[in-house]
Amino acid sequence: MRYSQTLIPTLKETPAEAEVVSHRLLLRAGFIRKLTAGIYTYLPMGLAAVRKVEQIVREEMNRAGAQELLMPMVQPADLWSETGRYEKYGPELLRFHDRHGRESCLGPTHEEVITDLARREIRSYRDLPINMYQIQTKFRDEIRPRFGLMRGREFIMKDAYSFDADDDAATKSYEIMYETYKKIFSRCGLEFRPVEADSGSIGGSFSHEFMVLADTGEDTLVICSSCDYAANSEKAAVAAPAVDESPMQDLEKVETPGKRKVNAVCEFMDIKASELVKTMVYKVDGGTVAVLVRGDREVQEVKLKNILGVADVEMADDKEVYDATGVPTGYLGPVGIKVKLLVDQEVAAMKNFVVGANEKNFHMRNVNIGRDFEAAEVADLRQISPEDPCPSCGATLTLKEGIEVGHVFKLGTGYSESMNAVFQDADGQDKHMVMGCYGIGVSRIVAAAIEQNHDENGMIFPMALAPVQVVLLNLGLKDAEITAAAESLYKDMQSQGVEVLFDDRDERPGFKFKDADLLGIPLRITVGKRLTKDGVIELRQRKDGTTEELSPEKIIERVLELIQTEMGHG
RNA sequence: CGGGGCAUAGCGCAGCCUGGUAGCGCGCCUGCCUUGGGAGCAGGAAGUCGGAGGUUCGAAUCCUCCUGUCCCGACCA
């Protein structure tokens, strides 16, 4: 493609809206433009990069035996009501009515549609297993879209769904996808980690996320320094601590005027935050619960959700806390509280701790579970910390930030039961299909790749994801010999299957170099005066600046060789 | 949904406090010049100052409401 005829609106200055590096560079390099919050147009270069990801995904999915199809984006509400998700999914599901007043929604995911297809078309165990996928635009009305392609409302996703006759077969399908995902992300040149994950609103029995390691990630990963344990911190189990066997001391009420925050109370009473227990009030499905965690810990809401079996938990605000308990925030405690009490296992092992007295300006000392209050339930409720031991081997843990680019779930029969997707097994019995689902954020991968591969001059694409493999600069537009050589090189490369962007613009050399760097194209060929003077053409690699000077006859051969090598090891 | 910004030419911003002819840089157009790391000179086009209402002789500027957008938070009482 000729640069002069392609829309690549690069910017010298960074648009004010961009915070993270991938967003900034995608805008500056003219890959994307924003239409409205969280919704972007992919310009030719951006789309080319997306297509590269799609191609890798497609090849690996097909190789794994999955079949591509394409499902509708607009879906009837009825279908979602069958699984109960029309009510449960929340405001992320964009709902609307068509002209006949039929309730509809934009598909954020396609379990309902695919299960509907499966129940209609799959009759026999002979039709199983089957794995179907699509690459499609999804819409999720995110609370807060941000960071460009990283968390958009409209985005491109590959979603696959497997159907099996029994649980063992479903596990096998899951494992195939797990391995396929590793290949896909490796080919994309990403540094990633599969981690144990919470299965979230999709539901299901177990799941893994594929995380690209990057500081701008929105998730926190827990990684063991010794064994191969890795998990999303939402999921990471905290080991139960040893029980403190100290004798119980007498309960004591202490006046703590105006001391509401953990820090203030600790300073005032001269104790450590680890000797205090805080009482956090949550709203859950219309009710209220209180959660006890140590003063220096954090409630892990995903764990709380899972233990309560609810779709959503939300911290109560000051007024809601007062309405539910009659106590102003800051002085809440478990002794005599009227709401259901969930106790973190760490607190259950503590003795003689400090809590709010359920009375303004008072706290209590030497509080003990069992004597002073009872727990409705004791469980692992807090966020894991770097001081905790590895849940698997006990070694030390590190926490890292990651971007979720893929997620695999073993769903079981939840959807097939609620939607009555059955097949007739070899024994003549109707059975529910066992499902799995597997997502990849295609557009997000482009952003993640840029987060991992860039420098002060711009993007640095791995060969596999680059919009084009080569950028060819003609620096001698007014020189007939140079221009003729560049033109012929352009044609020859095209005919040999090299993807090339030919910078034939009437611009100064510096300008072209800057744009070539910004676009992150792996190989740059410069045809200029050195051709007429020394008979050579320059070939430079974006990633490390390696430069070679070659004769026009040798250059394509060398380019093909480099492309081969680069694609070879991702 | 809560808090905080921001909204002035395609992009980045100044002007607003203290009301009185709308500005700068980049980009864009024309010409000259230049051509291996975002050149130089000269000329030029381009803005309902986000929208609606109000105050005023007069509003980009002050007031009210609305909209859009970005950031933080929506977990630590």
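Labels below follow one simple rule: chain letters A, B, ... track the order of the sequence lines, proteins then strands, and each chain is numbered from 1.
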Give me the distance, rounded to whole Å, that separates [N] from [M] when you measure between the [atom1] atoms they each carry.
| N | M | atom1 | result |
| --- | --- | --- | --- |
| B/C13 | B/C57 | P | 37 Å |
| B/G23 | B/A46 | P | 13 Å |
| B/G73 | B/A39 | C1' | 47 Å |
| B/A9 | B/C26 | C1' | 12 Å |
| B/U61 | B/U55 | P | 15 Å |
| B/G47 | B/C32 | C1' | 30 Å |
| B/C16 | B/C6 | C1' | 14 Å |
| B/U69 | B/G51 | C1' | 15 Å |

Restricting to nitrogen or oxygen on both sides, can you table the protein-nucleotides 68-71 of chain B pairs closer than 3.5 Å?
residue, atom, partner, partner atom, Å
B/U69, OP1, A/Thr36, OG1, 2.6
B/U69, OP1, A/Ala37, N, 3.1
B/U69, O3', A/Lys34, NZ, 3.0

Can you say whether a donor on the side chain of [X] sits under 3.5 Å from an acceptor on the base of [N], or the other way round?
| X | N | result |
| --- | --- | --- |
| A/Glu13 | B/G25 | yes |
| A/Arg524 | B/G37 | yes |
| A/Glu507 | B/G38 | no |

Donor-acceptor pair, [X] side chain versus [Y] backbone, under 3.5 Å?
| X | Y | result |
| --- | --- | --- |
| A/Lys512 | A/Asp503 | yes |
| A/Asn232 | A/Val195 | no |
| A/Asp380 | A/Ala237 | no |
| A/Thr6 | A/Ile8 | no |
| A/Asp504 | A/Arg2 | no |
| A/Arg24 | A/Glu19 | yes |

With both distances under 3.5 Å as the test, what is the Watson-Crick or G-U wobble partner of [N]?
| N | result |
| --- | --- |
| B/C1 | B/G73 |
| B/A59 | none |
| B/C6 | B/G68 |
| B/G40 | B/C32 |
| B/G25 | B/C11 |
| B/C16 | none |
| B/C49 | none |

- prompt: If you pin A/Pro15 and A/Lys261 to their nearest nucleotides in RNA chain B, which one's is more 5'?
  reply: A/Pro15
statement: Between A/Gln383 and A/Val527, the residue closer to the 5' end of RNA chain B by nearest nucleotide is A/Val527
task: Using only side-chain N and O atoms of A/Lys12, determine if any of them is under 4.0 Å from OP1 or OP2 of B/C11.
output: no
query: So does A/Arg508 get a side-chain nitrogen or oxygen closer than 4.0 Å to the phosphate oxygens (OP1/OP2) of B/A39?
result: yes
Give the rounded distance in Å between these two atoms: [atom1] of [X] and [atom2] of [N].
| X | N | atom1 | atom2 | value |
| --- | --- | --- | --- | --- |
| A/Arg297 | B/C76 | CZ | C1' | 13 Å |
| A/Asn361 | B/A77 | CG | C1' | 14 Å |
| A/Asp515 | B/G38 | CG | C1' | 8 Å |
| A/Leu308 | B/C75 | CG | P | 15 Å |
| A/Lys478 | B/G36 | NZ | P | 12 Å |
| A/Ile143 | B/C75 | CD1 | C1' | 13 Å |
| A/Asp323 | B/A77 | CG | P | 20 Å |
| A/Phe511 | B/C28 | CZ | C1' | 12 Å |

From the set [options], return the single nucleotide nearest to any side-chain atom of [X].
| X | options | value |
| --- | --- | --- |
| A/Phe513 | B/G36, B/U35, B/A77 | B/G36 |
| A/Arg260 | B/G36, B/G38, B/A77 | B/A77 |
| A/Asp517 | B/G37, B/G12, B/C76 | B/G37 |
| A/Lys514 | B/G36, B/C75, B/G38 | B/G38 |
| A/Arg540 | B/G37, B/U34, B/G38 | B/G37 |
| A/Met280 | B/G36, B/G12, B/C76 | B/C76 |

field: N-O pairing of A/Glu218 and A/Arg146 below 4.0 Å
entry: yes
query: Do A/Val367 and A/Val354 come close enough that some side-chain heavy atom pair is under 4.5 Å?
result: no
Scan [X] against the nucleic acid and name what it touches under 4.0 Å (heavy atoms): base, sugar-phosphate only, or nothing.
| X | value |
| --- | --- |
| A/Ala316 | base |
| A/Val299 | base |
| A/Asp296 | nothing |
| A/Lys278 | base |
| A/Arg28 | base |
| A/Val293 | nothing |
| A/Leu332 | nothing |
| A/Leu477 | nothing |
| A/Glu301 | sugar-phosphate |
| A/Thr279 | base |
| A/Gly528 | base |

From [X] [atom1] over to [Y] [atom2], what is the distance, rounded to the nearest 0.5 angstrom?
| X | Y | atom1 | atom2 | result |
| --- | --- | --- | --- | --- |
| A/Lys272 | A/Glu267 | NZ | CD | 15.5 Å |
| A/Thr256 | A/Glu359 | OG1 | CD | 9.5 Å |
| A/Cys266 | A/Lys261 | SG | NZ | 13.0 Å |

- line: Test side-chain contact (heavy atoms from CB on, under 4.5 Å), reference A/Thr279, set A/Leu292, A/Val339, A/Asn358, output is A/Leu292
